Amino acid sequence: MSTDQRAAGAARMPTYVGMPAFPEAARDAVRDTRLRRNLTHATTTIRAKRAAAVSELADWAELRETAKRIKDHTIEHLGHYLRLLEEQVTARGGIVHWARDAAEANRVVADLIKATGETDVVKVKSMATQEIGLNEALAAEGIRAHETDLAELIVQLGHDRPSHILVPAIHRGRAEIRDIFRREMPGAPDDLTDEPARLAEAAREHLRERFLKAKVAVSGVNFAVAETGSLVVVESEGNGRMCLTLPETLISVMGIEKVVPSWQDLEVFLQLLPRSSTAERMNPYTSVWSGATEGQTFHLVLVDNGRTATRDDEVGRQALRCIRCSACLNVCPVYQRAGGHAYGSPYPGPIGAILSPQLRGAGSPVDDSLPYASTLCGACYEVCPVAIDIPEVLVHLRSRAVHGRAEKAAMRFAAWTLRSPTRLAFGQRLAGTAGRMLGRRGGIRRLPGPLTRWTDTRDAPVPATETFREWWEKRS
Amino acid sequence: MNAREEILRRLGDTEADPAAYAAIPRPYLRRHHDGDVVELFAERAADYRAEVRRVAGADLPGVLGELRGRYVAPDGLPEAWTAGVDVVRDDPPVSIADLDALDGVITGCAVAIAETGTVVLDHGPGQGRRALTLVPDHHVVVVESARIAADVPEAVERLSPDRPLTFISGPSATSDIELSRVEGVHGPRRLTIVITD
Ligand code: SF4
C-alpha cells in the first residue's frame with residue numbers, strides 16, 4: 001500500500017487513535033466480565049425478540065430477496081439514481097452537496113452551519129456522521145454538536161465510544177448510566193435512581209429546552225427515494241422528529257448507497273428494517289419528507305468516503321446493501337465476546353469487519369486484522385435482511401490482504417467450501433475431526449495458518465465434535 | 001474536477017435501465033391478514049401501548065369531551081368533534097413554547113396500517129404542521145375506519161410523496177437502557193387512538 005493510499009484512507013474514516021489490531025483489543029474485552037455480562041444479556045434478549053418478529057411474516061424470504069435485488073440494481077446504476085435524487089430534491093427546494101471523503105463532508109457541513117451564525121446544533125443518531133467523525137471536526141471549528149438519541153447521549157456524556165449500531169451504549173449497565181448522568185448532566189436530579197424510566201425522564205428534561213430553541217439540526221438518512229426526492233428517517237424516541245421538524249435549517253448527511261429507486265420500494269424496506277432491527281412490527285416514528293418542508297432550509301450532503309471504491313470490488317460491493325439493522329451483531333459469537341469497541345470503527349460486528357476495511361481501503365493494523373474477526377459460522381448471513389454473504393466477503397478480503405502462499409491456498413479452500421452449504425458442512429466436520437485429534441487438555445493455544453490471528457487472543461475451545469453452528473444454535 | 005463530477009466519474013456515470021428495474025420480481029404478500037382490518041388495527045395498536053377506543057361516529061364528541069385540560073386543534077379538524085373540549089385552534093399558529101405548555105393535541109390521520117398498528121399523518125387538513133403532534137405530551141388521533149389499510153404495501157400506495165409524512169406506532173419509546181422498553185422520551189408520552197366509522 002502506498003503512502004497516498006494510506007493518506008486517502010485517513011481522509012475517509014479515522015481509525016480510532018491508538019486503536020490496536022482486533023486481536024489485542026478483543027482480548028481486553030473478553031477479560032472484562034461486566035462488559036461481557038451486559039453484552040450477553042442484551043444480544044440474547046434481542047435475538048429472541050427478533051426471531052419472533054421475523055417469523056410473523058410468512059414471506060420474509062421473499063421480502064429479503066426483493067430487497068437484495070433492489071439494492072444490487074441500485075448499486076449497479078448508482079450514478080443514475082444519484083443524479084435523479086439530486087434533481088428531485090432540488091426541484092422540491094432542497095440544496096444538494098457532494099463530498100468525496102470524510103474531510104470534504106465535514107468541511108461542507110461546518111461551512112453550512114457557520115453560514116447560519118449558530119455555534120450549537122442538535123443531532124440525531126447517524127452512522128454516516130460517526131463514520132466521518134463530524135462531531136470532532138465541528139468541535140475543532142468551535143461548533144458544539146449535541147447528540148439527542150438517549151444511547152448517544154450516554155456515550156457522549158461518558159466520553160465514550162459507541163459499541164453497537166442500534167444500541168450504542170449496549171456496554172453500559174443502568175447503574176453506570178446513572179453515575180454518568182449524575183456526574184456529567186447539568187441539572188440531573190440528586191435523587192436520580194437507576195430505573196430506566198427515571199433515566200429516560202432525566203434525558204427528556206435535559207434536552208427539552210435545547211430542542212425547542214435549536215436553529216440547526218444535523219441528521220442521517222435511512223432511505224432516499226430517487227424518483228420522488230424523499231428522505232426517510234426511522235427512529236424510536238422522537239428526538240429525530242424534534243431535530244427534523246423544529247429547527248430552521250436541516251442538514252442531512254447520507255452515504256451514497258442509501259438511495260433506492262422508487263416510492264414503492266419503501267413497502268419492502270419499511271417491513272424489513274424495524275423487524276430486523278428493534279424486533280418491532282414498526283418502530284415508533286418514521287419521518288418522510290421531500291425537499292424543503294414547512295419553510296425549512298434543507299441541505300442534503302451526499303458522501304462517497306470509500307463507497308465508490310467498495311463498489312469497484314465485485315465480491316465486496318454487496319456490503320453496500322447494508323441497511324444498518326444490526327441483526328448480524330446480535331447473532332455473532334465473536335461480537336458477543338469481544339464487544340463493539342474492539343472493531344476500531346463506528347461499524348462493529350460482522351458488518352464492520354467487512355465494511356470498515358473496504359471504506360478505509362485497509363492499511364492499518366486494525367483493518368488488516370478485521371477480516372479475521374470471525375469464525376465464519378454464517379449466522380450473520382442467515383439473519384441479514386438484505387442477504388449480504390458476510391463470510392464470503394470476509395474470506396475474499398482475507399485473500400486480498402497480504403499473505404503467505406499457504407495461507408492464500410487455505411483461503412481459497414475456505415472460499416470454495418463457503419460457496420456451497422454441503423461443502424461448508426463438510427469443511428466444518430473436517431475441522432471437528434481435526435479438533436478431536438488436536439485437543440488434549442480441552443484447549444489449544446494456537447491454530448495454524450490464517451486462524452492464528454484469532455486464536456492468538458483467546459484459548460480457542462477445541463474445534464467441536466459438533467459443528468460450530470450446531471453448538472451456537474443450541475446455546476442461543 | 002469538483003466532488004460531484006468526480007463521484008459520478010468513479011461510478012462510471014451509469015445510465016438508467018428501467019427494464020432491469022421493472023424485472024425485479026416482487027413475490028411477497030400484499031397483506032398478511034385477511035378479514036376485518038379494523039379489529040386487527042385495534043389489537044395491534046394496543047400492543048404498542050396506545051390507548052385504543054372504538055366509538056360510533058355520533059358518540060365521538062362525547063368521548064373526546066371526556067378529555068381534561070387544554071388541547072390544540074389543527075385547521076380543518078371538524079369543529080363538531082371538539083365541541084366538548086377546551087381547545088385552542090392553531091390559527092394563528094401557536095408558538096412552540098405555548099405548545100409545550102398545553103396538555104395535548106387532537107388530530108385526524110391520512111392512513112392507518114392494521115398489520116403494524118400504525119397511524120400515518122400527512123399533515124394535511126385536520127392534522128396540522130408537524131410540531132403540533134410532537135411537542136404536546138398527549139396525542140389523540142381519530143382514525144376513521146375507511147382510512148385503515150391492511151398492510152404496509154397498501155399504505156405506501158395510498159400515501160403521497162408530495163406530503164411530509166409521520167408514521168406513528170405507539171407512544172415515543174426507547175430501549176437504550178439494558179434493552180428495557182420505556183415509553184415516553186421526547187415525543188408525546190401518551191397516544192390515544194379513537195377509531196370511528
Ligand atoms: S449487514 Fe445485514 S444484518 Fe448486518 S447490519 Fe447490515 S443489513 Fe443488518
Side-chain angles (χ1 to χ4, degrees), chain A residues 42 45-46 57 59 62-63 66 69-70 73 76-80 98-100 104 150-151 167 169 173-174 177 196-197 199-200 203-204 207 211-212 225 228 230 236-239 241-242 245-246 256 261 263-264 266-267 270-271 278 281-290 293-294 304 308, chain B residues 2-4 6-8 10-17 20-21 24-29 32 44 47-48 96-97 100 113 115-118 123 129-131 134-135 152-153 155-157 161-162 164-180 182 184-188:
Chain A
T45 310
I46 198 154
L57 298 191
D59 57 340
E62 286 78 16
L63 285 164
T66 304
R69 291 193 187 217
I70 292 170
H73 170 85
E76 179 66 36
H77 302 277
L78 196 51
H80 163 68
W98 302 67
R100 277 164 280 215
E104 197 167 32
L150 180 52
V167 200
R174 60 181 74 187
I177 295 169
L199 295 169
R204 178 184 169 101
L207 286 171
F211 279 135
L212 302 188
V225 180
T228 62
S230 309
S236 296
E237 296 171 12
N239 60 314
R241 292 176 68 193
M242 288 279 179
T245 308
L246 300 184
I256 52 175
W263 182 251
Q264 196 197 352
L266 292 181
E267 73 186 21
L270 289 182
Q271 292 192 72
T278 48
R281 293 185 184 120
M282 195 61 96
N283 49 289
Y285 299 132
T286 296
S287 299
V288 185
W289 74 100
S290 309
T293 308
E294 295 180 349
D304 176 349
T308 48
Chain B
N2 68 25
R4 179 183 188 276
E6 182 161 350
I7 292 169
L8 289 173
R10 288 174 188 172
L11 293 171
D13 203 6
T14 39
E15 290 305 311
D17 189 350
Y21 177 73
I24 295 171
R26 293 177 186 263
Y28 50 87
L29 304 170
H32 290 89
R44 293 284 160 102
D47 275 357
Y48 282 144
I96 299 295
D100 198 29
I113 311 173
E115 183 70 30
T116 59
T118 304
H123 305 281
R129 61 203 160 100
R130 295 176 297 172
L134 174 62
V135 179
V152 176
V156 169
E157 204 177 294
D162 295 329
L165 304 175
T166 307
F167 290 61
I168 300 171
S169 309
S172 115
T174 182
S175 300
D176 279 350
I177 301 163
E178 294 184 2
L179 291 174
S180 53
V182 176
V185 196
H186 303 296

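A quick note: this is a predicted structure, and the numbers were derived from the prediction, not measured. Just the heavy atoms: all of them, side chains too, but no hydrogens, waters or symmetry mates, feed the values below.
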(message) salt bridge (charged side-chain N to carboxylate O under 4.0 Å, His left out), that's the test. Do B:Glu6 and A:Arg100 meet it? Break it down for me.
(response) CA-CA 8 Å; B:Glu6 182 161 350; A:Arg100 277 164 280 215; 2.9 Å; yes
(request) Measure across A:Gly238 and B:Leu134 and return the closest heavy-atom pair with its distance rounded to 0.1 Å. (result) O-CD1, 4.1 Å
(request) Against chain B, work out which of A:Ser290, A:Pro261, A:Ala203 has the most heavy-atom pairs shorter than 4.5 Å and name it. (result) A:Pro261
(message) Under 4.5 Å from any heavy atom of chain A, what part of B:Thr118 do you find: side chain, backbone, both or neither?
(response) side chain
(request) Name the option with the most non-hydrogen atom pairs under 4.5 Å to chain B; the candidates are A:Glu62, A:Met242, A:Glu294. (result) A:Glu294
(message) Just verifying a value: how many Å separate B:Ile168 CD1 and A:Met282 CE, rounded to the nearest 0.5 Å?
(response) 12.0 Å
(message) Looking at every non-hydrogen atom in both residues, tell me the closest pair between B:Val182 and A:Ala200 and how far apart they are.
(response) CG1-CB, 3.9 Å
(message) What I'd like to find out is whether the side chain of A:Gln264 reaches to under 4.5 Å of the side chain of B:Val156, using heavy atoms alone.
(response) no
(request) Identify which part of A:Leu150 has an atom lying under 4.5 Å from any heavy atom of chain B, answering side chain, backbone, both or neither. (result) both
(message) With rounding to the nearest 0.5 angstrom, report the CD1 to CG distance, B:Ile96 to A:Leu246.
(response) 5.0 Å
(request) Please examine the side chains of A:Thr66 and B:Pro27, heavy atoms only from C-beta on, and report whether any two atoms are closer than 4.5 Å. (result) yes
(request) Answer yes or no: is there a side-chain heavy-atom contact under 4.5 Å between B:Thr116 and A:Gln271? (result) no
(message) Heavy-atom pairs under 4.5 Å with chain A: which of B:Gly170, B:Ala20, B:Ala173 has the most?
(response) B:Ala173
(message) Heavy-atom pairs under 4.5 Å with chain A - which of B:Pro164, B:Ser169, B:Ala131, B:Gly187 has more of them than the others?
(response) B:Ser169
(message) Just verifying a value: how many Å separate A:Leu270 CG and B:Ile113 CD1, rounded to the nearest 0.5 Å?
(response) 8.0 Å
(request) Locate the shortest heavy-atom distance separating A:Arg281 from B:Arg44; write the atom from each residue and the value. (result) NH1-CD, 2.9 Å
(message) Looking at every non-hydrogen atom in both residues, tell me the closest pair between A:Arg69 and B:Pro25 and how far apart they are.
(response) NH1-CD, 3.6 Å
(message) Main chain of A:Arg204, side chain of B:His186: is a donor-acceptor contact present, judged purely on distance under 3.5 Å?
(response) no
(message) Nearest 0.5 angstrom please: B:Glu115 CD to A:Leu57 CG, how far?
(response) 6.5 Å
(request) Indicate yes or no: at least one non-hydrogen side-chain atom of A:His77 is less than 4.5 angstrom from one of B:Tyr21. (result) no
(message) Could you check whether any side-chain N or O of A:Asp59 sits under 3.5 Å from a backbone N or O of B:Leu29, counting only pairs where one atom can act as donor and the other as acceptor?
(response) yes
(request) Please state whether the side chain, the backbone, both or neither of B:Asn2 comes within less than 4.5 Å of a heavy atom of chain A. (result) backbone
(message) Which atoms of A:Ile177 are under 4.5 Å from chain B, going by heavy atoms: the side chain, the backbone, both sets, or neither?
(response) side chain
(request) Give the minimum heavy-atom separation between A:Tyr285 and B:Pro171, together with the two atoms involved. (result) OH-C, 4.1 Å
(message) Restricting to non-hydrogen atoms, name the atom on B:Pro188 and the atom on A:Arg241 that form the minimum distance, rounded to 0.1 Å.
(response) CD-NH1, 4.3 Å
(request) Kindly compute the distance separating CD (A:Glu76) from CG (B:Leu11), expressed to the nearest 0.5 Å. (result) 10.5 Å
(message) For the backbone of A:Pro284 and the side chain of B:Tyr48, can you confirm whether one donor and one acceptor N or O come within less than 3.5 Å of each other?
(response) no
(request) Please answer whether the main-chain N or O of B:Phe167 pairs with a side-chain N or O of A:Thr286 as donor and acceptor at a distance below 3.5 Å. (result) no
(request) Tell me, for A:Thr245 versus chain B, whether the close heavy atoms (under 4.5 Å) come from the side chain, the backbone, both or neither. (result) both
(request) Using non-hydrogen atoms and a 4.5 Å limit, figure out which bit of A:Thr45 sits close to chain B: side chain, backbone, both or neither. (result) side chain
(message) Walk me through whether B:Arg130 and A:Thr293 qualify under side-chain contact (heavy atoms from CB on, under 4.5 Å).
(response) CA-CA 10 Å; B:Arg130 295 176 297 172; A:Thr293 308; 3.7 Å; yes
(request) Heavy atoms only, distances under 4.5 angstrom: which of B:Asp100, B:Asp17, B:Leu165 has the most pairs with chain A? Name it, please. (result) B:Leu165
(request) Determine whether A:Ile70 and B:Ile24 make a side-chain contact, defined as any pair of heavy atoms from C-beta on separated by less than 4.5 Å. (result) yes
(request) Go through the atoms of A:Ala99 and report whether side chain, backbone, both or neither lie under 4.5 Å from a heavy atom of chain B. (result) backbone
(request) Using a cut-off of under 4.5 Å on heavy-atom pairs, state which of B:Arg129, B:His32, B:Glu157, B:His123 scores highest against chain A. (result) B:His32
